[in-house]
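Comments concern the structure below.
Quick caveat, the model's predicted, so the values are computed rather than measured. Reckoned from all heavy atoms, side chains included, excluding hydrogens, waters and symmetry mates.
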Amino acid sequence: MSPSVLGEAWMDWALHLAISPGKQLHLMETALRNAQALCHQSLSGATDEDDNTDAPAPDKRFASEEWQQYPFNLWATAHQMNWQWWQDAVTDVHGVAKSHEDLMAFVAGLTVDMTAPSNFALTNPDVISATLDEKGQNLVHGLENLALDLDQKIHGHHVSVPEKFEVGRNLATTPGKIIFRNDLIELIQYTPVTKTVHPEPVLIVPAWIMKYYILDLSPENSFVRFLLAQGFTVFMVSWKNPDASDRDLGMEEYRKLGIMDAIDAALTITAAPKLHAVGYCLGGTLLSIAAAAMARDEDMRLASVSLLAAQVDFTEAGPLRLFISESEVTMIEDMMSETGYLSSDQMAGAFALLRARDLIYAPAIRNYLLGKSGSNTFDLMAWNADATRMPYRMHSQYLRKLFLNNDLTEGRYRVGEKAVSVSDIRAPIFAVGTEQDHVAPWRSVYKLHLFADTDMTFVLTSGGHNAGIVSEPGHRNRHFRIGDTPSDAPFRDPAEWLATTTISEGSWWPAFAKWLARHSSTQVAPPSTGARSGQYKALCDAPGSYVMQL
């Protein structure tokens, strides 16, 4: 984080708190009540359910039976009260800018969580129990894990996919061919599994921040395999992992080489007049730009546009806004100028800070205090460890034009000589938001209704940014809401939409397949895989070479 941004936020908060005697009195009163409650709990040895002080919310860090015993329950309660007190202290201070309030709440939460009793061996009963049961071997294994991790950091070793997983062996295994390659993408065409298919192929544009196989993980949860089984011809963009030589690749190169070249290839091979374009996360944002430019230029080759956890408006982009300001972006640009790219570690660090309890402290406790290895790693975690870099120019343009200036929805984003507008898109849109998304909050995704001028189907599914999208049929405890909004229907705000849309149990994938089928033609024999010769001749088997780049 930029020191100037932190300093400005602190000064705004400190000055306004200093002239707010009512807020100061409230904080003093809260502190006294908390101290009284802790004193009573200390003397009684247990939490008093009838105490007038509001009990802290359940916290999975302190969920085990050991944490319910004295004095560990006292320490846990004290930490939770302290955390809540600081959140109260830095919020609702009259006169403080909302962006500064959010940043102070974030930093205060991180700082207090550093002192959580769960983070230290002598105050964590789970660690104490493990140490007694294993005669200290957990700490020995923890030191070994720490030494290994430090060696990787110091010597710059790449943290690759865990050994139990291997791309092409048990990840990204859906059969297919690389039928096109340029300086930025490989295009995969998957082998059909049905005797007939809809004429319009499905082109999937994943985010370039991670490898494409988030949508082709294990066979049982592969989005690609599901679509193939529903009678669709599927193409997938596999992005190159850029290095210093790619520093000058910009958003326009990503649009042309990534999406337009893929559209040309898919339609040439299938001889179809139109295709279904699906974009996930950053890929969805880029797809919305490409679709708007195509509509502006009267290119009618899109049968539909589907945006999965993708934003077009960034004014309410969630916790990531904490890292976006003029000073922050300038600092990131200075960092990238040295190498020509943003490293995967730098981006992963930002995401880890947003969920420090789950992505920093919990793994540290598990690996270093409990001495556990990565044996419980599952496919989604393995994919998450396989991050990519981002070119200097592209990432700078993305941060400035979209996140910082919100050019796309304010009419300033230019493709070629003219600006583009999402409202020009006439192909029907299928948009998906996820309930627990901290990258693309669903209310931000829902704002597409304000800017699109076409029929739209919106889905809100359980889960987070990744797990909500990888939500195969049969996955336990899944549900979703789905609602159609015709182009001439009045706008419903998110709260109204949520209140009037019923919950359906299960996965949203079958609903998506039915929606695609409704916007497709009568099924025909599958097309050939690649061309027999020329530009789109099959080059090699999927998953190809770009996905293997470190």
Side-chain angles (χ1 to χ4, degrees), residues 174-182 185-206 212 215-216 223-238 255-280 283-284 286-288 290-308 424-430 454-455 457 509 512-539 542:
T174 303
K177 299 286 186 180
I178 303 297
I179 54 85
F180 175 71
R181 179 187 294 126
N182 61 26
I185 70 165
E186 289 181 333
L187 186 62
I188 304 171
Q189 180 182 1
Y190 291 98
T191 304
V193 298
T194 55
K195 293 182 179 179
T196 60
V197 296
H198 295 285
E200 298 84 359
V202 175
L203 170 64
I204 302 177
V205 183
Y212 81 85
L215 299 175
D216 185 28
F223 187 60
V224 170
R225 285 180 184 261
F226 174 80
L227 290 177
L228 290 171
Q230 308 309 307
F232 292 99
T233 300
V234 180
F235 291 82
M236 174 76 76
V237 170
S238 175
R255 183 189 71 87
K256 288 181 177 179
L257 299 178
I259 293 184
M260 302 314 297
D261 280 3
I263 290 176
D264 292 342
L267 292 180
T268 298
I269 290 170
T270 60
K274 296 186 177 185
L275 57 73
H276 300 291
V278 180
Y280 178 30
L286 185 66
L287 175 60
S288 67
M294 292 173 70
R296 180 199 65 187
D297 299 335
E298 298 183 353
D299 184 344
M300 301 291 111
R301 292 183 294 169
L302 297 181
S304 70
V305 175
S306 299
L307 306 177
L308 314 181
D424 287 340
I425 300 173
R426 291 294 175 267
I429 293 177
F430 190 97
T454 186
D455 295 342
T457 298
W509 289 9
F512 177 56
K514 291 178 182 178
W515 185 88
L516 284 178
R518 288 202 307 270
H519 294 89
S520 301
S521 306
T522 304
Q523 294 195 10
V524 297
S528 62
T529 302
R532 293 188 176 182
S533 60
Q535 186 180 14
Y536 303 125
K537 181 180 179 180
L539 301 175

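- The side-chain hydrogen bond (donor to acceptor under 3.5 Å, both in side chains) check on K177 picks up D541, with sequence neighbours excluded.
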Quiz: residues 190-197 side-chain donor-acceptor pairs under 3.5 angstrom, not counting sequence neighbours:
from, atom 1, to, atom 2, distance (Å)
T194, OG1, T196, O, 2.7
T196, OG1, Q523, OE1, 2.5

Next on the checklist: Could you go through L187 and D261, starting from their C-alpha distance and side-chain angles, then the distance that decides it, and tell me whether this counts as side-chain contact (heavy atoms from CB on, under 4.5 Å)?
Outcome noted: CA-CA 9 Å; L187 186 62; D261 280 3; over 6 Å; no

Item to check | Test side-chain contact (heavy atoms from CB on, under 4.5 Å) applied to V278 and L203, step by step | outcome: CA-CA 6 Å; V278 180; L203 170 64; over 6 Å; no

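- Looking at residues two or more places apart in sequence or on another chain, you find no ring-ring contact (aromatic ring centres under 6.0 Å, His included) involving F235.
- Between F226 and F223, the ring planes lie parallel to each other; the angle is under 30°, not in the 30° to 60° tilted range.
- Contact between E186 and R181 at its shortest, heavy atoms only, is OE2-NE, 2.8 Å.
- Between K537 atom NZ and I178 atom CD1 the span is 15.5 Å, to the nearest 0.5 Å.
- The two residues A303 and P428 come nearest to each other via the heavy atoms O-CD, 3.3 Å.
- To the nearest 0.5 Å, atoms CZ (F512) and OG1 (T457) are separated by 10.5 Å.
- Of all heavy-atom pairs between I425 and T454, the closest is O-CB, 3.6 Å.
- For the salt bridge (charged side-chain N to carboxylate O under 4.0 Å, His left out) test, no residue two or more places apart in sequence or in another chain qualifies with E200.
- A heavy-atom distance below 4.5 Å is found between the side chains of L516 and L227.
- For the salt bridge (charged side-chain N to carboxylate O under 4.0 Å, His left out) test, no residue two or more places apart in sequence or in another chain qualifies with D297.
- With sequence neighbours left out, D424 forms a side-chain hydrogen bond (donor to acceptor under 3.5 Å, both in side chains) with no residue at all.
- Rounded to the nearest 0.5 angstrom, M236 CE and Q189 CD are separated by 13.0 Å.
- Rounded to the nearest 0.5 angstrom, Y280 OH and L215 CG are separated by 6.5 Å.
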Item to check | From CA spacing to verdict: side-chain contact (heavy atoms from CB on, under 4.5 Å), F180, I269 | outcome: CA-CA 11 Å; F180 175 71; I269 290 170; over 6 Å; no

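- Using cut-offs of 30° and 60° on the angle between ring planes, the pair W515 and F430 is tilted.
- Checking S306 against H276 by side-chain atom types alone, no donor-acceptor pair falls below 3.5 Å.
- Salt bridge annotation for R301-D264: present, with a cationic side-chain nitrogen under 4.0 angstrom from a carboxylate oxygen.
- Shown here is R532, whose CZ atom has no more than 12 heavy atoms of other residues, nucleotides or ligands within 6.0 Å.
- In this structure, OG1 on T174 lies 3.5 Å from CG on D216, to the nearest 0.5 angstrom.
- Nearest approach of Y212 to P206, heavy atoms of both residues: CB-CG, 3.7 Å.
- In terms of heavy-atom proximity, A272 sits nearest to L267 at O-CD2, 3.3 Å.
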Next on the checklist: Walk me through whether H519 and D455 qualify under side-chain contact (heavy atoms from CB on, under 4.5 Å).
Outcome noted: CA-CA 12 Å; H519 294 89; D455 295 342; over 6 Å; no

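- Side-chain atoms of S520 and K274, non-hydrogen and from C-beta on, never get closer than 4.5 Å to each other.
- Taking 4.5 Å as the limit, some side-chain heavy atom of L275 sits within range of a side-chain heavy atom of L302.
- Side chains of H198 and Q230 form no contact here, defined as non-hydrogen atoms less than 4.5 Å apart.
- Between L257 and I185, the shortest heavy-atom contact is O-CD1, 3.4 Å.
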